[in-house]
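I have placed the structure first, in the form of structure tokens, so that the comments after it can refer back to it.
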Amino acid sequence: MDFGLRGKRALVMGASKGLGFAIAKELAAEGAQVAVCARNEERLRRAAEAIGATALPCDLQLLGAAEQVVDEAMTALGGLDILLVNTGGPPTLPFERISPDDWRRSFEGLFMSTTDAIRAAIPGMRERRWGRILLVTSIAAKEPIENFTISNALRAGLHGLTKTLSREFAASGITVNALMPGYTMTERLAEAKLDLDKVAKAIPMGRIGQPEEFAALAAFLSSERAGYITGQAVACDGGALWSI
Ligand SMILES: NC(=O)c1ccc[n+]([C@@H]2O[C@H](COP(=O)([O-])OP(=O)(O)OC[C@H]3O[C@@H](n4cnc5c(N)ncnc54)[C@H](OP(=O)(O)O)[C@@H]3O)[C@@H](O)[C@H]2O)c1
């Protein structure tokens, strides 16, 4: 299937490793011009070089950073057709161990960076009457996971935002969807101190997912072919979610 991504211009946020990198790699392989951002400059440059992308170092938890990186991507690529909002995950702690500062920093990094990036990307997409906005959230947005308190709370809000924006921008040819990763083998998952054998056994497919499997979903929803799909939250989770 031709995804129609050749020549499209994409910014993938949080993309020096893990899910973001896999998505950037897939979009580049489909012929898109890609920019990637992350904090660690050296790792980002290595990742960008490996897939022929433009590296834009930034820390999405800093005020104004998301808007700035979208502007930089538009300058580097000559515009932006696809915005893939992906951020670092928040700390995983039970409520009583989360400080007000943890909440504020996580809100800046997870939520404000999303709204700021979208605000910066929208005018050009509206003008060209074509755009794809994808938010990487989590299956925790639908079925809260123990100790993923901040993620459970904020990502459900991002789904509300996704649905709202999808309706606001639909007539301009812009789709807005959320992608829900299930348990997927990245550094973040490895560092989460979970019993991965136990986790895998609880997944109907009996295994942890691979970033490339998630990236395939992102590439499809970024594509020309997915132009009538908007306002959805789609999981790539081996059947882990039970809710309908
Ligand atoms: N993997 C899973 O099983 C899973 C499941 C559900 C949800 N998720 C969510 O999906 C997202 C991606 O997860 P992942 O597993 O790919 O994580 P990861 O392997 O830790 O990768 C995160 C990427 O984002 C960048 N990043 C982190 N904080 C950033 C910041 N403040 N500003 C700019 N870039 C930042 C990291 O680079 P730097 O550190 O250099 O900035 C890295 O490139 C996270 O929000 C995670 O919670 C993951």
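Note that ligands are numbered from 1 as they come in the structure, with each ligand's atoms numbered from 1 the same way.
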Hey, looking at atom 33 (C) of ligand 1, which of Gly109, Gly20, Cys58 has the closest heavy atom?
->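 Selected option, by shortest heavy-atom distance: Cys58.
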Between Val85, Leu60, Thr184, flag the one that comes closest to atom 3 (O) of ligand 1 by a heavy atom.
->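 Comparing heavy atoms across Val85, Leu60, Thr184, the nearest one to atom 3 (O) of ligand 1 lies in Thr184.
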With a 4.5 Å heavy-atom cut-off, do Val70 and Asp116 have their side chains touching?
-> no
For the residue pair Asn40 and Leu44, establish whether any side-chain heavy-atom pair is separated by less than 4.5 Å.
-> no
Please determine if Arg132 forms a cation-pi arrangement with Trp130, meaning its NZ or CZ atom is less than 6.0 Å from the six-membered ring centre and no more than 45° off the ring axis.
->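 Cation-pi check for Arg132 and Trp130: passes.
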Identity and separation of the nearest protein heavy atom to [atom]:
| atom | result |
| --- | --- |
| atom 24 (O) of ligand 1 | Gly14 CA, 3.3 Å |
| atom 31 (N) of ligand 1 | Asp59 OD1, 2.9 Å |
| atom 14 (P) of ligand 1 | Thr186 OG1, 3.7 Å |
| atom 29 (C) of ligand 1 | Arg39 NE, 3.4 Å |
| atom 20 (O) of ligand 1 | Arg188 CB, 3.5 Å |
| atom 44 (C) of ligand 1 | Thr87 O, 3.1 Å |
| atom 16 (O) of ligand 1 | Leu19 N, 2.8 Å |

Run the numbers for me: atoms of ligand 1, each under 4.0 Å from some heavy atom of [X], listed by number.
| X | answer |
| --- | --- |
| Gly18 | 16 (O), 19 (O) |
| Val136 | 10 (O) |
| Gly89 | 44 (C), 45 (O), 47 (O) |

Indicate, as side chain, backbone, both or neither, the part of Pro211 found under 4.0 angstrom from ligand 1 when only non-hydrogen atoms are considered.
->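 Neither part.
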Start with the C-alpha gap between Leu110 and Thr114, add the side-chain angles, then the distance that decides, and say whether side-chain contact (heavy atoms from CB on, under 4.5 Å) holds.
-> CA-CA 7 Å; Leu110 218 66; Thr114 303; 5.9 Å; no
Return yes when Thr137 approaches ligand 1 closer than 4.0 angstrom through a heavy atom, no otherwise.
-> yes
[X] N/O under 3.5 Å from ligand 1 N/O:
| X | value |
| --- | --- |
| Gly182 | yes |
| Ser138 | no |
| Asn40 | yes |

Count the heavy atoms of every other residue, nucleotide or ligand shown that sit under 6.0 Å from NZ of Lys25, and state whether that count exceeds 12.
-> no
Check whether the side chains of Ser99 and Asp102 place a donor and an acceptor atom closer than 3.5 Å, and report yes or no.
-> yes
